[in-house]
Amino acid sequence: MSVAKRVSEEMETELGEKVGYAIRFENVTGPNTIIKYMTDGVLLRETLKDSDLDKYRVIVMDEAHERSLNTDVLFGILKKVVARRRDFKLIVTSATLNAQKFSHFFASVPIYHIPGRTFPVTTLWSKTPVEDYVEGAVQQAMRIHITSPPGDILIFMTGQDEIEAACYVLAERMEQMVSSSKKAFPKLLILPIYSQLPADLQAKIFQRAEDGARKCIVATNIAETSLTVDGILYVIDTGYGKMKVYNPRMGMDTLQVFPVSRAAADQRAGRAGRTGPGTCCRLYTESAYLNEMLPSPVPEIQRTNLGIVVLLLKSLKVDNLLDFDFMDPPPQDNILNSMYQLWVLGALNNVGALTDLGWKMVEFPLDPPLAKMLLMGEQLGCLKEVLTIVSMLSVPSVFFRPKDRAEESDAARERFFVPESDHLTLYNVYQQWKQHDYRGDWCNDHFLHVKGLRKAREVRSQLLDIVKTLKISLTTCWPDTDIVRKAICSAYFHNAARLKGVGEYVNCRTGMPCHLHPSSALYGMGATPEYVVYHELILTTKEYMQCATAVEPQWLAELGPMFFSVKESDKKKQKQEKTAMEEEMENLKKMQAEVERKQKQEEKEKLAKQQQQVSMPGLKKGSSTYLRPKKLDL
DNA sequence: GTGGACACC
């Protein structure tokens with residue numbers, strides 16, 4: 001938006017006239033707009049309505065090296081548009097590191113180099129691997145503060161916990177230093193930043209420090225690309241970051257600490273050179289950088305659940321997904337698994353084409369199971385309730401639990417509990433917030449993140465607009481919440497689990513152990529329920545179900561017949577059902593095999609390269625102790 | 001009996 005604003009000022013027009021912008025919840029453009037700045041997500045949605053993008057003559061894909069999921073899907077689509085339309089131009093801008101690769105993907109088009117305007121950055125390497133990088137970073141920061149000329153410090157850590165620890169230790173060391181030193185000591189302003197930090201605290205990093213004080217910002221990779229602070233002359237890079245990795249076989253996301261890529265490390269270093277010549281202290285050896293880090297991060301499309309991507313591409317008439325021209329094709333397992341899941345949800349038919357339900361699901365910017373929950377809400381007569389639940393599930397957890405007020409915030413959360421369902425608990429939170437006029441101070445009083453709730457409200461209103469354009473009627477079942485639980489069950493029966501012990505479950509289909517999270521409302525039932533469905537399974541210290549709801553076993557049979565049947569039922573009928581399902585499965589397997597065969601033919605050369613990238617923890621053999629990704633035992 | 005980088009539709 002700020003770029004759009006600057007350009008429109010330069011062209012001496014109002015923003016939204018000749019120059020405009022569009023992001024998810026905002027569209028500031030008009031009939032006279034000739035330059036439109038937008039996110040890759042907005043453009044991707046536009047291609048669904050007009051796959052030739054006839055509205056545009058030129059598209060500039062900026063920051064292409066970031067390789068977001070949407071950008072990667074767009075590349076494949078735009079490549080086709082370029083082939084079809086003679087009057088269309090595509091310009092891709094990227095960090096030079098990857099330029100060759102982009103050029104090659106688009107039939108070896110010419111590359112233009114545009115020199116950057118940053119200052120040189122001196123790199124200092126660690127001579128030996130650093131065992132404890134939190135401690136290492138703190139020591140380095142103190143050293144810079146004591147011995148180096150003015151200029152702010154930026155430290156990269158992996159997450160909230162580390163940031164809090166680092167800030168705490170830093171403050172402690174500073175205090176010791178000040179009290180043991182006789183002379184006056186320059187101040188150090190320690191500032192944490194990560195996305196979940198409340199906005200007012202985030203804003204502090206941009207404020208000027210009082211006279212003589214040096215700022216020390218301790219950040220996640222939010223400071224790598226998303227926000228830029230001027231005045232940084234020193235960067236301390238731990239060399240690590242968190243990354244979400246999807247495991248299709250277990251249907252589970254893990255958030256793991258990995259060494260960052262060389263490209264990311266260089267990006268981090270560059271943050272020291274915006275104001276003047278800077279310094280980057282890397283808490284890893286030059287050899288680790290050269291030999292053990294990947295040149296660039298594994299693209300998101302290769303490590304994510306592809307449900308929504310499959311749905312989108314199917315709606316664009318890409319019949320054979322393994323044939324789609326991805327710059328870096330995702331692992332076949334991910335594609336096939338997502339197709340299977342869409343088939344199970346009833347979005348794809350036996351030959352892999354979109355069903356009526358599937359076509360409707362595409363309209364919603366939601367993961368397929370969430371879209372299905374919405375549409376089942378329509379069918380079952382509880383759309384209003386489900387709209388709220390889906391919106392709440394689309395934002396980060398709204399419960400705020402500061403460490404120093406853990407008990408107090410737990411008690412506040414428990415007051416919202418609906419004992420049979422975490423989903424209904426979320427609904428309850430939203431309703432109460434609404435009844436209190438969507439007030440911010442009410443959120444603070446009840447240990448809720450205002451930001452998250454506001455976002456949920458925006459999402460809800462966007463979904464409501466789509467519901468209206470589809471002429472779906474807005475039904476409610478209140479106060480019969482069993483119907484809501486049925487709607488949840490109808491979209492999440494693949495995540496059904498059966499009780500094994502208190503709070504201990506196993507997935508009904510896969511046998512995967514899964515645990516109720518200690519924060520779940522279901523603990524409030526006294527005895528935990530026999531059957532639950534859950535929103536997602538996340539591996540941390542255990543496999544935890546995030547957001548679970550008690551369901552009746554007969555609902556599973558009724559709403560998820562491809563997985564479940566009631567034992568007592570007529571054996572003959574059961575056998576017939578089984579045969580029918582087996583037949584469908586066979587069809588699906590045939591479809592998959594055909595798709596696989598073609599893929600193998602055409603992508604033979606690519607495959608070796610691809611596999612190298614796909615084996616995600618993706619580090620070369622003989623990694624030193626510096627590289628120790630958490631091992632995932634499957 | 002306790003979690004969770006970051007964008008985005």
Any carboxylate oxygen within less than 4.0 angstrom of a Lys/Arg side-chain nitrogen, looking at A/E46 and A/K36? yes

Where the side chain of A/K542 is defined as all heavy atoms beyond and including C-beta, which of B/dG3, B/dA7, B/dG1 is the nearest nucleotide? B/dG1

Contacts under 3.5 angstrom, residues 217-225 of chain A side chains, donor-acceptor by atom type, not counting sequence neighbours:
from   : atom 1 : to     : atom 2 : distance (Å)
A/T220 : OG1    : A/I222 : N      : 3.1
A/E224 : OE1    : A/R268 : NE     : 2.8

Using a heavy-atom cut-off of under 4.0 Å over every strand shown, decide if A/D253 touches base, sugar-phosphate, or nothing. nothing

Does A/T220 have a side-chain nitrogen or oxygen under 4.0 Å from the phosphate oxygens OP1 or OP2 of B/dC6? yes

If you take atom types as modelled and just measure distance, does the side chain of A/S519 reach the base of B/dG3 with a donor-acceptor pair under 3.5 Å? yes

Using a 4.0 Å cut-off on heavy atoms, which residues in residues 387-408 of chain A reach DNA chain B? List them by number, or say none. A/P396, A/S397, A/R401

Between CZ of A/F447 and P of B/dT2 the distance, given in whole Å, is 21 Å

What's the NZ-P distance between A/K244 and B/dG3, to the nearest Å? 17 Å

Report yes or no: does A/K244 contribute a side-chain atom to a donor-acceptor pair with the main-chain N or O of A/T304 at less than 3.5 Å? no

B/dC6, B/dA5, B/dT2: which one has an atom nearest the side-chain heavy atoms of A/L255? B/dA5

Have a look at A/Q160 and say if it touches a base, only the backbone sugar-phosphate, or nothing, with a 4.0 Å heavy-atom cut-off. sugar-phosphate

A/N70 side chain to A/D40 main-chain N or O, any donor-acceptor pair under 3.5 Å? no

Given atom CG of A/L516 and atom P of B/dG1, what is their separation to the nearest angstrom? 12 Å

Value in whole Å for how far the C1' atom of B/dA5 lies from CD1 of A/I193: 13 Å

How would you label the contact of A/I222 with the nucleic acid (heavy atoms, under 4.0 Å): base, sugar-phosphate, or nothing? sugar-phosphate

Mind checking A/F364 for me? I need base, sugar-phosphate or nothing, with any heavy atom below 4.0 Å counting as a touch. nothing

By nearest heavy atom, map A/P365 and A/N221 onto DNA chain B; which one lands nearer the 5' end? A/N221

When rounded to the nearest 0.5 Å, the distance separating CG of A/L383 from CE of A/M376 is 12.0 Å

Using whole Å, what does the distance between atom P of nucleotide B/dG3 and atom CD of A/Q546 come to? 9 Å

Can you pull out every salt bridge (charged side-chain N to carboxylate O under 4.0 Å, His left out) where at least one residue sits in residues 61-77 of chain A? Sequence neighbours excluded, please. A/R67-A/D72, A/R67-A/D328

For atom CG of A/D161 and atom P of B/dG4, their distance in whole Å: 8 Å

For the ring pair A/Y133 and A/Y284, is the centre-to-centre distance below 6.0 Å? no

Would you mind reading off the distance between A/M252 atom CE and B/dG4 atom P, rounded to a whole angstrom? 13 Å

From C-beta outward on A/S226, which listed nucleotide comes closest to its side chain: B/dA5, B/dA7, B/dT2? B/dA7

Under 6.0 Å from the six-membered ring centre of A/F447 and within 45° of its axis: does the NZ or CZ of A/R405 meet both? no

Between B/dG1 (C1') and A/H517 (NE2): distance, integer Å: 9 Å

B/dA5 phosphate, OP1 or OP2: any side-chain N/O from A/T158 under 4.0 angstrom? no

